[in-house]
2 protein chains.
Amino acid sequence: MKWDEVSNQQCSVARSSSVLGDRWTLLILSDCFLGVRNFDQFQERLEIPRTTLANRLQKLELHDVIYRKLYQTNPDRFEYRLTDKGRDLYPVLSTILNWGDKYYSDEAGPPILRQHVSCGHDIQPVLQCPECEEVVDAHNVHARTRPQYGSYPDVKRGPILRRG
Amino acid sequence: MKWDEVSNQQCSVARSSSVLGDRWTLLILSDCFLGVRNFDQFQERLEIPRTTLANRLQKLELHDVIYRKLYQTNPDRFEYRLTDKGRDLYPVLSTILNWGDKYYSDEAGPPILRQHVSCGHDIQPVLQCPECEEVVDAHNVHARTRPQYGSYPDVKRGPILRRG
DNA sequence: CGACAAAGTCCATTTTTCAGACTAACTATA
DNA sequence: TATAGTTAGTCTGAAAAATGGACTTTGTCG
């Protein structure tokens, strides 16, 4: 399959991956959440090729994850900011951070600490069930394909069934 | 910067991205969580080029995210399974799924439903504070660079400070 | 014996990425 | 008024990675 066909799949991970799934995008977004807004600042911090950075920012803007805000005229200059849709990626970045902290920290611990403003604790946010508040992991969740809906085609790539 | 240098950075997102950040890896892992284990099954479901799939599986094995389990001899054949480290990526995939469900569902709703086994509800897990149980989002968390530790170099790419 | 299966490898072509130089449109400095 | 600096890109040729399809290997099945 060609890469630009991936997003047509009936799969939320596929559609998300077509936006997020490359070398640099997650890092760019991470910097967005850390407050980076300008082209050169992204470029210097990430040491990303300028061409690649320009392409990525354009793509993220196209997908409404970031937007360009005019902050100067003559010449017009823009800064890049997260949209609401982009800010909704915080849980993704946060769980990636958790994973990296767990498996790739050095002796000095996680490089970046996160304080929950509401309660003051340094935390690693966890995934919980919104109904019963229990912490959720892979074994606790059972995936199933949605029922047939009107004339919509069947969902491919559903869960594999195994005899219990 | 070359891609294989990204993982040397002192940043958990960078280190994680060096494993997860490409076109196919998230999709492969998604299939792992859905129970896919065999080479051809990955290949058919994802329509990924066989060469690329072989490379990705090798890389994921190298990073101890999946392992190969012998399931037949003469000829030896292996299936691919998540390690504990791989299973710890469930929150990442789950939050990506949430985001895709929110922004890319069609009229028929999310393609795959997730039931919390413990309480029976169909859910989208949410990120919460392990200390105070509050739901966490970008505005609720304050990132800061860790303090200097022994002879470790300063953390680059920390949060940008702005006047309040 | 011929077809089929699973898990790859090989190869030629196309697409992306990379590093670094260059451009445009100003502002600040000497 | 020249000169340098700033910001946000674009252009370019070389290197690396992805792609699609055929091929290989080591068996089993009918």
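Proteins come first, then strands; the chains are lettered A, B, ... in the order of their sequence lines, and each starts at number 1.
Under 4.0 angstrom from either OP1 or OP2 of C:dA7 there lies no side-chain N or O belonging to B:R37. Considering only side-chain N and O atoms, A:Y80 lies nowhere under 4.0 angstrom from the phosphate OP1 or OP2 of D:dT7. Between B:N74 and the phosphate of D:dG27, there is a side-chain N or O to OP1/OP2 separation shorter than 4.0 Å.
Computed from coordinates, the B:L53 CG to D:dG20 P distance equals 13 Å when rounded to whole Å. Atoms CD1 (A:I28) and C1' (C:dT17) sit 13 Å apart, rounded to a whole Å. Residue B:L57 contributes atom CG, which lies 10 Å from atom P of C:dT9 at whole-angstrom precision. To the nearest angstrom, P of D:dT7 lies 16 Å from CG of A:D76. The nearest whole Å value for the distance from the CG atom in A:D40 to the C1' atom in D:dA8 is 6 Å. Note: CD (A:Q72) to P (D:dG9) measures 12 Å, nearest angstrom. Residue A:Q43 contributes atom CD, which lies 13 Å from atom P of D:dT7 at whole-angstrom precision. B:E79 has its CD atom 9 Å from the P atom of C:dA7, to the nearest Å.
Residues A:R15 and B:D101 are not paired through a salt bridge, judged by the lack of any N-O separation under 4.0 Å between the basic side chain and the carboxylate.
Residues B:G158 and A:I112 come closest through the heavy atom pair CA-CD1, 4.2 Å. Between B:L82 and B:Y67, the shortest heavy-atom contact is O-CE2, 3.5 Å. Across all their heavy atoms, A:G100 and B:S16 have their closest contact at CA-OG, 3.3 Å. Closest of all the heavy-atom pairs between A:V155 and A:Q10 is CA-OE1, 3.4 Å.
Taking only distance into account, the side chain of A:R50 never meets the base of C:dA19 through a donor-acceptor pair shorter than 3.5 Å. Applying the 3.5 Å distance criterion, the base of D:dA8 shares no donor-acceptor pair with the side chain of A:R77.
With DNA chain C read from its 5' end, the first of the two nearest nucleotides for A:T73 and A:I48 is the one closest to A:I48. Nearest-nucleotide positions on DNA chain D for A:M1 and A:A54 put A:A54 closer to the 5' end.
Within the 4.0 angstrom heavy-atom criterion, only backbone atoms of the sugar-phosphate kind lie near A:Y71; the bases stay farther away.
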Could you list all N or O pairs between the protein and nucleotides 12-18 of chain D that sit under 3.5 Å apart?
from: D:dA18; atom 1: OP1; to: B:R56; atom 2: NH2; distance (Å): 2.3
from: D:dA18; atom 1: OP2; to: B:R56; atom 2: NH2; distance (Å): 3.2

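For A:Y90 and A:F33, the ring centers are positioned less than 6.0 Å apart.
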Please test B:F42 against B:I28 for side-chain contact (heavy atoms from CB on, under 4.5 Å), starting from the C-alpha separation and ending with a verdict.
-> CA-CA 7 Å; B:F42 284 112; B:I28 292 170; 4.0 Å; yes
